[in-house]
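Each remark here refers to the structure printed beneath this line.
Proteins come first, then strands; the chains are lettered A, B, ... in the order of their sequence lines, and each starts at number 1. Here the structure is a predicted model, which is why all the values come from computation and not from measurement. Computed over heavy atoms, backbone and side chain alike; hydrogens, waters and symmetry mates excluded.
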Amino acid sequence: MKLSHLNPPQREAVLTTDGPLLVLAGAGSGKTRVITHRIAHLLEKKVQARSILAVTFTNKAASEMKERVLQLAGQKALGVTLCTFHAFGAEVLREHLSKLGWPKKFAIVDTGDQLALIRRAMKDRKIDDRAFDARKVLTIISRAKNSGVDPQPKPEGQGDDYDLVAHLVFPLYQLALKAQGAVDFDDLLVFPSRLFTEFPKVKQAYAARFRYVMVDEYQDTNRAQLDLLVHLAGEHQNVCVVGDDDQCIYSWRGAEVRNILDFERHFPGGKEIRLEQNYRSTPVILDAANAVIEKNPERRAKRMWTDTLGGARIRSVCAPSEEEEARFVAQEIKKAIAEGFPPDEIAVLYRVNGLSRAVEENLRELGVYYEVIGGSEFFDRREVKDVIAYFRVIANPKDEISLLRIVNVPSRGIGDVTMERLTAWALKHEVPLWEGLTRASEIEELPQGAAEKVGEFVALVERYRKRFTKGKLAEVTRELLAEIDFAQVARANAPSIASGDRKVKAVSQVIESLEAYEKKEGPKASLLTYLNRLALDMKSEEDEPEHQRGRVTLMSLHGSKGLEWRVVFMMGLEEDLLPHSGMQGEPANPPEERRLCYVGMTRARERLVLTRSATRIKRGKELPRTPSRFLADLPEDLVDVLDLGAVPVGPPSAKELNFFDALRAKLKAGKDSEPPKPT
DNA sequence: CCGTGGTAATTTTTT
DNA sequence: ATTACCACGG
């Protein structure tokens with residue numbers, strides 16, 4: 001590895017291997033490069049690969065970094081542990097969770113399960129689940145867990161009662177998780193810390209193994225992550241964190257910029273290195289991004305600079321409709337590829353994952369290969385969830401949420417009444433619900449017919465549980481689905497042929513993903529590890545397609561942090577979208593939205609295109625949109641503005657007028673007249 | 001206990 | 001616009 005293509009501060013960061021090190025690195029200053037070179041340098045110094053730990057925030061960033069380290073240091077880099085905080089936590093728990101009273105094999109619940117557990121706990125506490133949004137309750141619980149305290153009610157009738165609800169629900173929620181041998185995402189961070197506190201020997205083993213610890217995107221760590229880091233690096237203090245307070249975009253998840261500002265307090269006697277020279281973007285892009293971020297009140301004074309010159313002007317494009325915005329982006333991508341930009345050097349970024357859809361359609365039409373990162377609409381499909389729930393029940397009978405989900409899917413005559421009775425019985429005897437099912441015939445409250453049907457279901461699950469232990473996961477799944485007639489039932493329930501086809505296809509994609517996992521994992525493949533992996537990285541495993549390289553990337557602004565492309569499109573630069581208006585109740589966070597915009601802009605090396613639409617369809621209604629305030633902050637001389645054509649916004653159309661007239665007439669005439677049919 | 005038809009609610013970002 | 005959930009009849 002050569003150090004010559006690093007600038008002096010970068011080199012210093014790479015060579016400072018021992019003791020605490022804080023690298024304050026602005027966008028494009030070679031942050032990732034410092035980490036990757038540092039790893040390579042350590043390996044060259046004959047540090048064992050297995051002693052090195054590097055953590056990132058997203059799976060995408062982790063895999064990107066893995067690739068770069070591999071290029072730099074070769075095969076021996078394979079031994080380096082390079083993963084997300086959560087994946088690291090899961091690894092620790094896989095070894096030691098039983099010490100905290102959990103079963104050895106545990107499941108990781110997803111957000112849907114979390115909400116189901118919250119709702120059930122609310123019911124147990126006699127809290128109306130319509131008066132309180134389970135999502136909000138979960139947010140409060142999650143925030144509390146991540147900051148290391150139990151949810152507490154507000155002192156004196158301050159604010160709403162959500163804190164009280166969370167306080168009441170939390171113990172039940174945590175108990176329910178334990179009862180089904182599961183942990184949630186937050187536990188993946190919190191439990192290792194607790195483990196390290198309660199079992200110093202375990203901690204020492206990890207601290208001794210991981211002599212060199214590196215953290216990327218340190219500005220986005222929350223309390224739980226900081227605790228974990230302090231535990232890991234407390235002994236040897238060889239901890240290197242890299243971050244930029246201007247790129248803190250996860251405060252909704254409890255990220256504390258303070259962590260980066262207080263680094264010296266947590267790891268005394270360390271060194272601080274600042275990287276302010278930007279090597280990534282043209283001065284045009286950099287100046288524009290700086291103009292946006294400078295409007296933020298609370299930030300450490302810092303200005304990224306570059307010694308390169310020129311660069312194409314930024315384009316700010318307004319389309320009349322979201323459809324045309326997407327078409328424009330797709331066409332421009334095609335043009336850029338024709339100009340010679342490789343597809344994998346082009347990205348489309350947006351604030352909400354929903355914006356990818358229209359672009360996807362247009363790219364497909366134009367025959368451009370693309371890859372959508374994040375936004376797991378696929379796993380939200382009902383059929384997919386059902387199949388996964390089958391896996392969960394088979395892998396872990398104590399998973400009651402999944403059990404309740406599939407016990408009657410497809411309909412097999414086990415209805416709510418039966419399940420109510422079984423649940424009551426299990427509760428009375430203090431056994432898991434599954435045990436109630438296995439002993440259905442002994443339960444007097446259950447009619448014989450119901451007990452028989454339950455017995456058949458139990459037999460089905462147990463038969464397949466045995467079969468799934470013998471490998472051939474995908475094959476056994478196919479047989480299971482055939483046995484329960486999954487495809488046929490899905491088709492029968494579908495409103496149209498096409499929709500039925502989609503359902504069946506989605507299910508076969510699950511099997512393909514399982515098959516790919518099996519192939520990759522070899523003989524140690526198991527349903528539970530497949531499920532836990534799925535939970536940590538909600539993208540389906542794919543067989544690497546031939547054109548794996550050379551695909552345009554579509555992802556959210558959050559996902560793009562730490563990555564870069566020669567050409568970047570940012571979509572939806574509109575008020576309420578970027579900056580996003582917070583969910584009702586939760587206030588929006590304008591400074592963070594601004595940072596998000598800054599992060600997106602600074603992903604671009606050569607070309608940046610900002611698009612918006614004058615209208616957008618929301619809840620079936622077309623609404624006019626106002627341009628994002630961030631567009632107004634761009635220096636005029638750096639931007640070319642393009643309007644793709646105004647849309648007539650004005651008085652309602654004749655058609656609409658007719659409709660309302662008819663409606664009025666109808667109301668006057670009474671109920672007997674025909675309702676008008678607008679088209 | 002199952003299917004149907006009507007009504008209500010739906011929209012952040014990641015692990 | 002689409003989907004989830006409820007009340008009701010078979």
Whole Å only: how far is the [atom1] atom of [X] from the [atom2] atom of [N]?
{"X": "A:Lys60", "N": "B:dT13", "atom1": "NZ", "atom2": "C1'", "result": "18 Å"}
{"X": "A:Glu575", "N": "B:dT11", "atom1": "CD", "atom2": "C1'", "result": "17 Å"}
{"X": "A:Asn59", "N": "B:dT14", "atom1": "CG", "atom2": "C1'", "result": "9 Å"}
{"X": "A:Arg135", "N": "B:dT13", "atom1": "CZ", "atom2": "P", "result": "10 Å"}
{"X": "A:Arg253", "N": "B:dT14", "atom1": "CZ", "atom2": "C1'", "result": "5 Å"}
{"X": "A:Leu531", "N": "B:dT15", "atom1": "CG", "atom2": "C1'", "result": "16 Å"}
{"X": "A:Asn222", "N": "B:dT14", "atom1": "CG", "atom2": "C1'", "result": "12 Å"}

Heteroatom pairs (N/O) under 3.5 angstrom, protein to nucleotides 3-8 of chain C:
none

Point to revise | Selected nucleotide, minimal atom distance to A:Leu536 side chain, candidates B:dT15, B:dT14, B:dT11 | key: B:dT15

**Study point:** Test log, rule salt bridge (Lys or Arg N to Asp or Glu O under 4.0 Å), inputs A:Arg616 and A:Glu325
**Key:** CA-CA 10 Å; A:Arg616 215 166 271 279; A:Glu325 180 192 22; 3.0 Å; yes

Practice item. Compare the aromatic ring of A:Phe57 with the six-membered base ring of B:dT15 and state whether they stack according to the 5.5 Å and 30° rule. Key: no

Check your understanding: So, are A:Arg94 and A:Glu91 salt-bridged, with charged N and O less than 4.0 Å apart?
Key -> yes

Practice item. Decide, yes or no, whether a salt bridge links A:Arg392 with A:Asp110 under the criterion of side-chain N to carboxylate O below 4.0 Å. Key: yes

Practice item. Looking at every strand, decide which applies to A:Lys618 at a 4.0 Å heavy-atom threshold: base, sugar-phosphate, or nothing. Key: base

Exercise for review: Report yes if a side-chain nitrogen or oxygen of A:Asn353 is closer than 4.0 Å to either non-bridging phosphate oxygen (OP1 or OP2) of B:dT14; otherwise report no.
Suggested key: yes

Exercise for review: Could you tell me whether the phosphate oxygens of B:dT14, OP1 or OP2, come under 4.0 Å of any side-chain nitrogen or oxygen in A:Ser556?
Suggested key: yes

Check your understanding: For the atom pair CD (A:Glu95) and CG (A:Leu195), what is the distance rounded to the nearest 0.5 Å?
Key -> 10.5 Å

Residues 407-415 of chain A side chain polar contacts: donor-acceptor under 3.5 Å, at least two apart:
{"residue": "A:Asn408", "atom": "OD1", "partner": "A:Arg412", "partner atom": "N", "Å": "2.7"}
{"residue": "A:Asn408", "atom": "OD1", "partner": "A:Gly413", "partner atom": "N", "Å": "3.3"}
{"residue": "A:Asn408", "atom": "OD1", "partner": "A:Ile414", "partner atom": "N", "Å": "3.2"}
{"residue": "A:Asn408", "atom": "ND2", "partner": "A:Ile414", "partner atom": "O", "Å": "3.2"}
{"residue": "A:Arg412", "atom": "NH1", "partner": "A:Ile406", "partner atom": "O", "Å": "3.1"}
{"residue": "A:Arg412", "atom": "NH1", "partner": "A:Val407", "partner atom": "O", "Å": "2.7"}
{"residue": "A:Arg412", "atom": "NH2", "partner": "A:Tyr390", "partner atom": "OH", "Å": "2.7"}

Review point. Any idea how A:Phe196 and A:Tyr206 line up, ring-wise: parallel (<30°), tilted (30 to 60°), or perpendicular (>60°)?
Key: tilted

Practice item. Mind telling me whether A:Tyr517 and A:Tyr530 have parallel, tilted or perpendicular rings, with 30° and 60° as the class edges? Key: tilted

Polar atoms only, N or O, under 3.5 Å: list the protein pairs with nucleotides 1-5 of chain B and their distances.
{"residue": "B:dC1", "atom": "OP1", "partner": "A:Gly415", "partner atom": "N", "Å": "3.3"}
{"residue": "B:dC1", "atom": "OP1", "partner": "A:Thr418", "partner atom": "N", "Å": "3.1"}
{"residue": "B:dC1", "atom": "OP1", "partner": "A:Thr418", "partner atom": "OG1", "Å": "2.7"}
{"residue": "B:dC2", "atom": "OP1", "partner": "A:Asn408", "partner atom": "ND2", "Å": "3.3"}
{"residue": "B:dC2", "atom": "OP1", "partner": "A:Gly413", "partner atom": "N", "Å": "2.8"}
{"residue": "B:dC2", "atom": "OP2", "partner": "A:Asn408", "partner atom": "ND2", "Å": "3.2"}
{"residue": "B:dG3", "atom": "OP2", "partner": "A:Ser411", "partner atom": "OG", "Å": "3.3"}

Check your understanding: Hey, are the side chains of A:Ser193 and A:His231 touching, using non-hydrogen atoms and a 4.5 Å cut-off?
Key -> yes

Practice item. Kindly check if the number of other-residue, nucleotide or ligand heavy atoms within 6.0 Å of CZ (A:Arg223) is above 12? Key: no

